[in-house]
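Contents: one structure, followed by commentary.
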Protein chains: 2
Amino acid sequence: MPITTNNKPTEQKASNISLEEIYKKLRDSGSRLTPQREYILDVFFKADSGLHLSPEDIYKVLSKKNKLNVSLATVYRTVKTLYLMGILREVDLAEGHKHYELSSGNDEPHHHIVCLNCNKTIEFASLEVNRLALKIANDYNVEIHDVELKILGKCLHFEDENNLKSTQHRR
Amino acid sequence: MPITTNNKPTEQKASNISLEEIYKKLRDSGSRLTPQREYILDVFFKADSGLHLSPEDIYKVLSKKNKLNVSLATVYRTVKTLYLMGILREVDLAEGHKHYELSSGNDEPHHHIVCLNCNKTIEFASLEVNRLALKIANDYNVEIHDVELKILGKCLHFEDENNLKSTQHRR
DNA sequence: TTGAGTGCAAATCCTTTGCAGGCGG
DNA sequence: CCGCCTGCAAAGGATTTGCACTCAA
């Protein structure tokens, strides 16, 4: 199976946190529920599951929806806030900027394989990885918040090992 | 065990790739062995094992050694080249810039626990993680190049859950 | 000899921030 | 009302790049 981007995240992916719960978390932490934050959250809830959105992506979606009152700065501030609250997960792939996605709870780990040559990514879930991470975090007395296994490799489309130069990634 | 940064990477850490092998890899890929590249590699070989160096770090070390003929741009270009050749590993922690370290072969995985509150990192090796990654990569027909398990969590120093605001990270 | 590699400085890209005004609770 | 949030624009920091020159092979 070659790496592709149109990966169907394995079966059971579905956000298991509701908007209601998020609103409650916001309230409980003394944060406010502004229209801007609602719009941004809405983008995540409407997005394909497993989709990684950059702040720029979110901003573009909102612009298309004529939510012109949401500035890019607010998107950045909001994703950071939601990330620190554990609502969003931060995903660092090889593109030079961060992506975010709904953190759907620790019961659903979220891992990636990135091809060093074609720069494509597939996601996969793995209970085994999750269990192992829990065990390790426990050993270190850490309350686990998120886990990511990142595998860098070369998919079969690029068997020519000496082809580095011509396949360097651009930002 | 609380999270600390002065962690001793578990036992057997020692670069198992030699300078000679690297020089050969460079030659084989048609790249040149310039003094600048030698100096940069030298920094990695002299550095404490397990140390993550940013391009800026490398540049500073070279400046102190009066290797003034190595520009920051060259450091960036070189680490990218070495990374794409599989000689360096890229480490994305939460600091807003990338770090690199000698990739010492797939037999020595390299994983991290990052505390969302205090922003400290510990590293650990885990054969179990490595084995699992190999198996997964195999399932996807990917030639494995590097593996990183990243666990985000909160270490026991920060049990106050509502303390988010005062502990936000700065770049 | 020759083209990959370099230094320099400017350019780019991503992200953060200062400030004045807006509005949620 | 108070003070968190926002928009805007400017600042900031990391990384890349255009260009002319250098030097490893």
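None of these values were measured; they are calculated from a predicted model. Residue numbering restarts at 1 for every chain, and letters A, B, ... go by the order of the sequence lines.
Residue Pro55(A) places its side chain closer to dT15(C) than to any other of dT15(D), dG5(C), dT15(C). The side chain of Lys98(B) lies closest to dT15(D) when the candidates are dT17(C), dT15(C), dT15(D). Distance from the side chain of Thr34(B) is smallest for dG5(C) among the nucleotides dG5(C), dC8(C), dG25(C). Of the candidates dT6(D), dT15(D), dA25(D), the closest approach to any side-chain atom of Thr74(A) belongs to dT6(D). With dT15(D), dG5(C), dT6(C) as the choices, the nucleotide that has an atom nearest any side-chain atom of Thr78(B) turns out to be dT6(C). Of the candidates dA14(D), dT6(C), dC8(D), dC8(D) carries the atom nearest the Arg77(A) side chain, counting heavy atoms from C-beta on. In the set dC8(C), dT15(C), dT6(C), the nucleotide with an atom closest to the side chain of Arg37(B) is dT6(C).
For the pair Leu72(B) and Val75(A), both in contact range of DNA chain D, the more 5′-proximal nearest nucleotide belongs to Val75(A).
The CZ-P distance, from Arg27(A) to dG25(C), rounds to 9 Å in whole Å. Rounded to whole Å, the distance from CD1 on Ile40(B) to P on dG5(C) is 12 Å. With rounding to whole Å, Lys80(A) atom NZ is found 7 Å from dT17(C) atom P. With rounding to whole Å, Lys24(B) atom NZ is found 17 Å from dA25(D) atom C1'. The separation between Leu84(B) atom CG and dT15(D) atom P is 15 Å, rounded to whole Å. The OH atom of Tyr76(B) sits 17 Å away from the C1' atom of dT6(C) (whole-angstrom rounding). Atom CD of Glu56(A) and atom P of dT15(C) are 9 Å apart (whole Å).
If you look at His112(A) and His99(A), their ring centroids are not closer than 6.0 Å.
Expressed to the nearest 0.5 Å, how far CD1 of Ile144(B) lies from CD1 of Ile151(A) amounts to 5.0 Å.
Side-chain atoms of Asp28(B) never come within 3.5 Å of backbone atoms of Lys25(B) as a donor-acceptor pair (strictly under, hydrogens ignored). Under a 3.5 Å cut-off, the side chain of Thr74(B) and the backbone N or O of Val70(B) do not form any donor-acceptor pair.
Checked by distance alone, Arg32(A) brings a side-chain donor or acceptor within 3.5 Å of a matching partner on the base of dC4(D).
Within the nucleic acid shown, Gln36(B) comes within 4.0 Å of sugar-phosphate atoms alone, with no base atom in reach, counting heavy atoms only.
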